[in-house]
Visitor: 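Okay, here's the structure, questions in a sec.
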Amino acid sequence: PVSSATTELDASGLQPGDLAGLGLLNMPCAWIGVGRTEAGYVLRWYKQETNQTLERPLAGPRVFLRATGDFDEDIAQLSYSTDGANFTDLGESIRLPYQLKTFQGTRYALFAYNTAGREGGHADFADFRVDDTGFGSIVVTLKYGRDRQSAIVGLRRKSRPGRRVY
């Protein structure tokens, strides 16, 4: 089956050195996300299998991220959009292994952490949507505010040095 996970990321709460995004969690992993530098925002793509990183400048902090996987062919592609409608692939296709160490396939992951070894900011993820050719769509609308803060504690919190949130 083919499925895709799409989320909207507002990276305006990131501090320099922070990184947040959407990942394909496995060994090896891959991800697409937004890094905050002193100069502004940068779109980053990473593939652990080849230790390859790509970067593109971003005009602003808001971006839509998508991971599309063909689990019959064990291949995925990461892409991004600034308008939520027109997605652009970034990087090469990614192999999706089924590893026998823990008997798990690839999982989708949202993450935010600081790469500079200091207290970081936060990432706001919204409308995490999984579309699957076999089962339809699963939509999780993430709302932020004081009244729903406990329900989203795993997705919006201060990043700690060296800590990855999945």
Visitor: Check Arg56, Glu92, Glu55 against Trp45 for a side chain to side chain contact (heavy atoms under 4.5 Å, CB included) and give me the one that passes.
Guide: Glu92
Visitor: Mark yes or no for whether Arg118, through its side chain, and Pro16, through its backbone, hold a donor-acceptor pair below 3.5 Å.
Guide: yes
Visitor: What heavy-atom pair brings Tyr108 and Gly69 nearest, and what distance separates the two atoms?
Guide: OH-N, 4.4 Å
Visitor: Considering non-hydrogen atoms only, spot the tightest contact between Ile75 and Ser93 and give its length.
Guide: CG2-CB, 3.6 Å
Visitor: Looking only at non-hydrogen atoms, find the nearest pair between Gly120 and Asp18 and report the distance.
Guide: CA-OD1, 3.3 Å
Visitor: Under 3.5 Å, is there a donor-acceptor pair between the side chain of Thr7 and the main chain of Ala126?
Guide: yes
Visitor: Does one side chain, of Tyr46 or Asn51, offer a donor that lies under 3.5 Å from an acceptor on the other?
Guide: yes
Visitor: Which value, rounded to the nearest 0.5 Å, describes the distance between Tyr80 atom OH and Leu65 atom CG?
Guide: 11.0 Å
Visitor: Can you tell me if Asn26 uses its side chain to pair, donor with acceptor, with the backbone of Cys29 under 3.5 Å?
Guide: no
Visitor: Is there a continuous path of hydrophobic side-chain contacts, each under 4.5 Å between heavy atoms, that joins Leu22 to Phe87?
Guide: no
Visitor: Of all the heavy-atom pairs spanning Ile94 and Ala30, show the shortest one and how long it is.
Guide: CD1-CB, 3.6 Å
Visitor: What verdict does the side chain to side chain contact (heavy atoms under 4.5 Å, CB included) test give for Leu19 and Val42, after you've listed the backbone C-alpha separation in whole Å, the side-chain angles of each residue and the deciding distance to 0.1 Å?
Guide: CA-CA 9 Å; Leu19 180 65; Val42 62; over 6 Å; no
Visitor: Ignoring hydrogens and geometry, is there a side-chain-to-backbone donor-acceptor pair from Gln15 to Thr37 under 3.5 Å?
Guide: no
Visitor: Taking all non-hydrogen atoms of both residues, which atom of Tyr41 and which atom of Gly60 are closest, and how far apart?
Guide: CD1-C, 3.9 Å
Visitor: Kindly say whether Leu14 contributes a backbone atom to a donor-acceptor pair with the side chain of Arg36 at under 3.5 angstrom?
Guide: yes
Visitor: Out of curiosity, Trp31 CH2 to Thr53 OG1, how far, rounded to the nearest 0.5 Å?
Guide: 6.0 Å
Visitor: Evaluate the side chain to side chain contact (heavy atoms under 4.5 Å, CB included) criterion for residues Leu24 and Leu96: first the C-alpha distance (whole Å), next the side-chain angles of each, then the deciding distance (0.1 Å), finally the verdict.
Guide: CA-CA 8 Å; Leu24 297 169; Leu96 299 175; 4.1 Å; yes
Visitor: Counting only N and O atoms by type, is there a donor-acceptor contact under 3.5 Å from the side chain of Gln77 to the main-chain atoms of Gly91?
Guide: yes
Visitor: Ignoring hydrogens, what is the shortest heavy-atom contact between Gly23 and Phe111? Give both atom names and the distance.
Guide: N-CE2, 4.0 Å
Visitor: Once rounded to the nearest 0.5 Å, what's the spacing between atom OG1 of Thr68 and atom CG of Asp89?
Guide: 8.0 Å
Visitor: Out of curiosity, Arg129 CZ to Arg66 CZ, how far, rounded to the nearest 0.5 Å?
Guide: 9.0 Å
Visitor: Does Leu90 reach the side chain of Leu78, with side-chain heavy atoms less than 4.5 Å apart?
Guide: no
